[in-house]
Amino acid sequence: MRKNSIKNTRINGEVQKALSDIIRSELKDPRIHPMTSVVLVQVTPDLKYCKAYISVLADEEQAKDTIRGLKSAEGFIRSQLAKAVNLRNTPEISFILDQSIEYGVRMSKLIDDVTKDLTDRDEENGEETEDGR
């Protein structure tokens, strides 16, 4: 099975959905932040290993605590995944902190700040902006 085959893509989606449900509803670890989401799952073609990219909508320390909590609950998560998704092998899960959402929000804020500064400076100089203000 190729890495990007239709079957592998479907398995990735099913594992991602199952992991999201398990993290949201079955884990009781206080280290795991309630605003935790599974962004992407990559299961190897032989179904032995799985990388789960986790995004946490919190500060950096809470995000690291969440990853630690998920790693300590890996055995339980794997057993629940075996029950939820019928695969020949239940993959070993490695949790990776994904900061792309935070990065995107930060970049968007920086862009907004720059455009606001440019608009303010143009208004102070009496120039019209592109949208006619």
Side-chain angles (χ1 to χ4, degrees):
M1 178 170 54
R2 293 184 328 270
K3 190 170 187 169
N4 56 357
S5 69
I6 294 170
K7 182 178 177 184
N8 196 276
T9 304
R10 233 177 30 238
I11 290 171
N12 289 342
E14 287 296 316
V15 171
Q16 180 178 352
K17 182 180 174 197
L19 279 177
S20 295
D21 290 343
I22 292 166
I23 291 170
R24 184 181 68 247
S25 62
E26 297 182 27
L27 291 182
K28 306 295 183 217
D29 193 329
R31 293 177 289 184
I32 298 173
H33 195 271
M35 294 297 289
T36 300
S37 60
V38 181
V39 178
L40 177 69
V41 169
Q42 293 177 332
V43 180
T44 57
D46 63 357
L47 306 177
K48 298 267 188 206
Y49 304 99
C50 168
K51 290 181 185 178
Y53 294 90
I54 307 295
S55 177
V56 181
L57 197 60
D59 65 16
E60 192 172 332
E61 190 57 40
Q62 287 177 323
K64 288 179 181 178
D65 282 346
T66 297
I67 294 296
R68 280 188 222 113
L70 289 172
K71 285 182 180 178
S72 71
E74 183 180 341
F76 173 77
I77 293 170
R78 193 171 176 206
S79 69
Q80 294 300 313
L81 183 64
K83 292 175 187 173
V85 180
N86 187 17
L87 294 174
R88 194 173 334 123
N89 299 317
T90 303
E92 288 182 31
I93 307 165
S94 59
F95 296 101
I96 300 166
L97 183 61
D98 181 49
Q99 297 175 324
S100 61
I101 294 174
E102 290 86 9
Y103 179 78
V105 168
R106 192 172 76 241
M107 284 296 127
S108 179
K109 183 182 179 311
L110 289 172
I111 291 169
D112 290 345
D113 290 346
V114 168
T115 55
K116 183 181 180 300
D117 290 346
L118 288 174
T119 304
D120 291 346
R121 190 177 66 204
D122 288 345
E123 288 175 358
E124 287 175 4
N125 294 335
E127 298 174 12
E128 270 192 25
T129 57
E130 287 181 27
D131 58 359
R133 288 192 270 167

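None of these values were measured; they are calculated from a predicted model.
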Partners of [X] by salt bridge (Lys or Arg N to Asp or Glu O under 4.0 Å), sequence neighbours excluded?
{"X": "Lys83", "result": "none"}
{"X": "Arg24", "result": "Asp21"}
{"X": "Arg31", "result": "Asp29"}
{"X": "Asp59", "result": "none"}

Side chains of [X] and [Y]: closer than 4.5 Å at any heavy-atom pair?
{"X": "Ile23", "Y": "Ile54", "result": "yes"}
{"X": "Gln42", "Y": "Tyr53", "result": "yes"}
{"X": "Leu27", "Y": "Leu70", "result": "yes"}

Roughly how far apart are [X] [atom1] and [Y] [atom2], rounded to 0.5 Å?
{"X": "Asn89", "Y": "Lys48", "atom1": "CG", "atom2": "NZ", "answer": "4.5 Å"}
{"X": "Ile22", "Y": "Lys17", "atom1": "CD1", "atom2": "NZ", "answer": "12.0 Å"}
{"X": "Ile11", "Y": "Thr44", "atom1": "CD1", "atom2": "OG1", "answer": "9.5 Å"}
{"X": "Leu47", "Y": "Lys7", "atom1": "CG", "atom2": "NZ", "answer": "7.0 Å"}
{"X": "Asp46", "Y": "Arg88", "atom1": "CG", "atom2": "CZ", "answer": "9.5 Å"}

Please list, chain by chain and in numerical order, all residues satisfying side chain to side chain contact (heavy atoms under 4.5 Å, CB included) with [X], sequence neighbours excluded.
{"X": "Ala84", "result": "Ala18"}
{"X": "Arg121", "result": "Leu118, Asn125"}
{"X": "Ser37", "result": "Val39, Ser55"}
{"X": "Asp112", "result": "Ser108"}

Residues that [X] engages under side chain to side chain donor-acceptor pair (under 3.5 Å), provided they are two or more places apart:
{"X": "Asn86", "answer": "none"}
{"X": "Glu60", "answer": "Lys64"}
{"X": "Lys28", "answer": "none"}

For Gln62, does the CD atom have more than 12 heavy-atom neighbours from other residues, nucleotides or ligands under 6.0 Å away?
-> yes
Without placing hydrogens or testing angles, list every side-chain donor-acceptor pair under 3.5 Å for residues 90-99, not counting sequence neighbours.
unit_1 : atom_1 : unit_2 : atom_2 : d
Ser94  : OG     : Cys50  : O      : 3.3
Asp98  : OD1    : Ser100 : OG     : 3.4
Asp98  : OD2    : Ser100 : OG     : 2.8

Are Tyr49 and Val43 linked, directly or through other ILVMFWY residues, by side chains that come within less than 4.5 angstrom of each other?
-> no
Treating Ile, Leu, Val, Met, Phe, Trp and Tyr as nodes and any side-chain heavy-atom pair under 4.5 angstrom as an edge, say whether Ile67 and Met35 lie in one connected cluster.
-> no
Mark yes or no for whether Gln16, through its side chain, and Val38, through its backbone, hold a donor-acceptor pair below 3.5 Å.
-> yes
Side chain of Thr66, backbone of His33: donor and acceptor closer than 3.5 Å?
-> yes
Stepwise, does the salt bridge (Lys or Arg N to Asp or Glu O under 4.0 Å) test hold for Asp113 with Lys116?
-> CA-CA 5 Å; Asp113 290 346; Lys116 183 181 180 300; over 6 Å; no
If you take all heavy atoms of Ile32 and Gly69, which pair is closest and at what distance?
-> CD1-C, 4.1 Å
